[in-house]
Number of protein chains: 2
Amino acid sequence: MVEKNDHFDLREFLPYLLNLAAEETSLRFSAIYRERYGLLRTEWRVLFHLGRYGDLSASEIGAMAKIHKTKISRAVSALERKHFLKRTASAKDRRREILSLLPAGQAACADLTAAAEAYNRELARQFTPEEWSLLLRSLERLAHLPPSKE
Amino acid sequence: MVEKNDHFDLREFLPYLLNLAAEETSLRFSAIYRERYGLLRTEWRVLFHLGRYGDLSASEIGAMAKIHKTKISRAVSALERKHFLKRTASAKDRRREILSLLPAGQAACADLTAAAEAYNRELARQFTPEEWSLLLRSLERLAHLPPSKE
DNA sequence: AAATAATGGTTGCTTTTGTAACTATCAAGC
DNA sequence: GCTTGATAGTTACAAAAGCAACCATTATTT
């Protein structure tokens, strides 16, 4: 494991570090929604968006969460099979489907949101409040999200 | 797009932000190694590790980069097909294969490493030096990497 | 020394994702 | 009103990843 003369280390390469950190932190949480409700990551995200922002169409969710429409389509089907949501054809535009959570979906969403908050707080404990908020803001910038107004 | 009364926003959820940022920053760089050399992400990582740390076995790379052995196995086969590396059976342990870069692999690795450095500098320009180094250290901590000694 | 366990690596099968083509509906131009 | 083009969503096919079973070899146990 002798190091070469070159100076550039993968551990200074931001995309690499981001991938490792993302994988590491996602893993433990994905175990929760997988074990409790048999959800996939995209399904959890769609569920969360519906619970958080109310009834939305598939493409609205896609725009907000940057998920491709085929992934959303499959996630919606899966959530429908679980009776977590229902579709309602829009009256004015019959191409669109309004998605709304059913009681089972709302319950799962509330449960998982609480778990997500707890997990987030646990992650935050590794940092000072200043480090934490700087970290979040830096990631927002890298993800090209509009800065949160808080 | 009316917000619910609840307070927790996905944009404060670290795993979500990490995934978005990772995807966003990986995308542009993956276009480079894909277009120039037809490499997949795992292949690029294996190539880089060999270029950076010298001859290694598959499982050594896997341990360093946290990549599963089947992914490595297939990446090594692909790199071998491209004549980017060769395998040498270890004398003392005939199960192990020492992987070493061939000239074509070294050239590709040097080229891509330079591109990675340039891209990294470009990303770093979005931050002050203090923010940048804090970001890297935070990600290392989240990824459970031993802190870099620099 | 034989049996058992552990390690390095590959392969086959299944699940998941990505890409592109497709249907259906709506919007715009002429 | 018809043609063209855009949008919402689904589906089919291909690429990639995950998982488990599988050789071959080495280490360990008795």
Side-chain angles (χ1 to χ4, degrees), chain A residues 1 19-20 22-24 26-28 30-31 33-35 37-46 49-50 55-82 85-100, chain B residues 1 19-20 22-24 26-28 30-31 33-35 37-46 49-50 55-82 85-100:
Chain A
M1 222 188 272
N19 272 296
L20 282 188
E23 218 167 301
E24 186 72 31
S26 294
L27 216 66
R28 274 172 55 204
S30 73
Y33 53 69
R34 199 158 28 80
E35 283 164 19
Y37 302 100
L39 295 180
L40 253 31
R41 204 173 51 152
T42 307
E43 292 163 24
W44 143 248
R45 285 197 191 169
V46 168
H49 274 83
L50 286 173
D55 301 353
L56 297 169
S57 73
S59 54
E60 281 168 340
I61 298 176
M64 293 177 73
K66 297 194 184 181
I67 307 177
H68 196 265
K69 55 181 187 168
T70 65
K71 272 169 94 170
I72 303 227
S73 173
R74 293 190 253 247
V76 168
S77 300
L79 291 170
E80 194 182 28
R81 268 196 303 279
K82 290 189 171 70
L85 61 75
K86 73 173 201 295
R87 315 176 187 222
T88 313
S90 164
K92 47 183 72 164
D93 184 345
R94 295 213 311 285
R95 291 170 303 184
R96 305 183 61 222
E97 295 179 327
I98 307 303
L99 307 171
S100 27
Chain B
M1 221 187 272
N19 271 295
L20 283 188
E23 218 167 301
E24 186 71 31
S26 294
L27 215 66
R28 273 173 55 204
S30 74
Y33 53 69
R34 200 158 28 81
E35 282 164 20
Y37 302 100
L39 295 180
L40 252 34
R41 203 173 52 153
T42 307
E43 292 164 23
W44 143 248
R45 285 196 192 170
V46 169
H49 274 83
L50 287 174
D55 301 352
L56 297 168
S57 72
S59 52
E60 282 168 340
I61 298 176
M64 293 177 73
K66 299 194 182 179
I67 307 176
H68 195 266
K69 56 182 185 166
T70 66
K71 272 169 92 171
I72 302 227
S73 173
R74 293 190 249 250
V76 167
S77 300
L79 290 170
E80 193 182 28
R81 267 196 303 279
K82 290 188 171 69
L85 60 75
K86 72 174 200 296
R87 315 173 185 222
T88 314
S90 164
K92 46 182 71 163
D93 185 344
R94 296 215 310 284
R95 292 171 303 186
R96 305 183 59 225
E97 295 180 326
I98 307 303
L99 306 170
S100 27

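Labels below follow one simple rule: chain letters A, B, ... track the order of the sequence lines, proteins then strands, and each chain is numbered from 1. The model shown is predicted, which means the values in this text are computed figures rather than measured ones.
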Shortest non-hydrogen pair, A:W44 vs A:L39, comes out as CA-CD1, 4.2 Å
Closest heavy-atom pair, B:T42 versus B:K71, reported as atoms and distance to 0.1 Å, is OG1-CE, 3.4 Å
Check: B:S30 side chain, B:L27 main-chain N or O, donor-acceptor pair, under 3.5 Å: yes
So CE of A:M64 and OG of A:S59: to nearest 0.5 Å the spacing works out to 12.0 Å
>> Once you apply a heavy-atom cut-off of 4.0 Å, does B:S77 come out as touching a base, just sugar-phosphate, or nothing?
In response: nothing
5'-most to 3'-most nt of DNA chain C touching chain B (<4.0 Å, heavy-atom partner on protein side) reads C:dA6 to C:dG12
Between CG of B:D93 and P of D:dA24 the distance, given in whole Å, is 16 Å
request  = Please report the C-alpha distance between B:E80 and B:R87 in whole Å, then the side-chain angles of each, then the deciding distance to 0.1 Å, and finally whether the salt bridge (Lys or Arg N to Asp or Glu O under 4.0 Å) criterion is met.
outcome  = CA-CA 8 Å; B:E80 193 182 28; B:R87 315 173 185 222; 3.1 Å; yes
Of all heavy-atom pairs linking A:D55 and A:S100, the shortest is OD1-CB, 3.2 Å
Here the gap from B:N19 atom CG to A:K66 atom NZ, rounded to the nearest 0.5 Å, amounts to 12.5 Å
When rounded to whole Å, the CG to P distance for the pair B:L40 and D:dA16 reads 5 Å
query: So, is B:R41 near the phosphate of D:dA15, with a side-chain N or O under 4.0 Å from OP1 or OP2?
result: no
Base, sugar-phosphate alone, or nothing: which one does A:K69 contact when heavy atoms must sit under 4.0 Å apart?
base
Assign each of A:R96 and A:E23 the nucleotide of DNA chain D bearing its closest heavy atom; nearer the 5' end lies the nucleotide of A:R96
Here the distance between atom P of D:dC19 and atom NE2 of B:H68, to the nearest Å, is 7 Å
Dump the pairs, protein N or O against N or O of nucleotides 4-7 of chain D, anything under 3.5 Å, distances to one decimal.
{"residue": "D:dT7", "atom": "O2", "partner": "A:R95", "partner atom": "NH1", "Å": "2.7"}

Partner of B:V76 under side-chain contact (heavy atoms from CB on, under 4.5 Å), picked from B:L50, B:L99, B:I61, is B:L99
Of A:K92 and A:R74, the one whose closest nucleotide on DNA chain C sits nearer the 5' end is A:R74
Assign each of A:S90 and B:I98 the nucleotide of DNA chain C bearing its closest heavy atom; nearer the 5' end lies the nucleotide of B:I98
| query | Is a salt bridge present between B:R74 and B:E43, judged by a nitrogen-to-oxygen distance below 4.0 Å? | reply | no
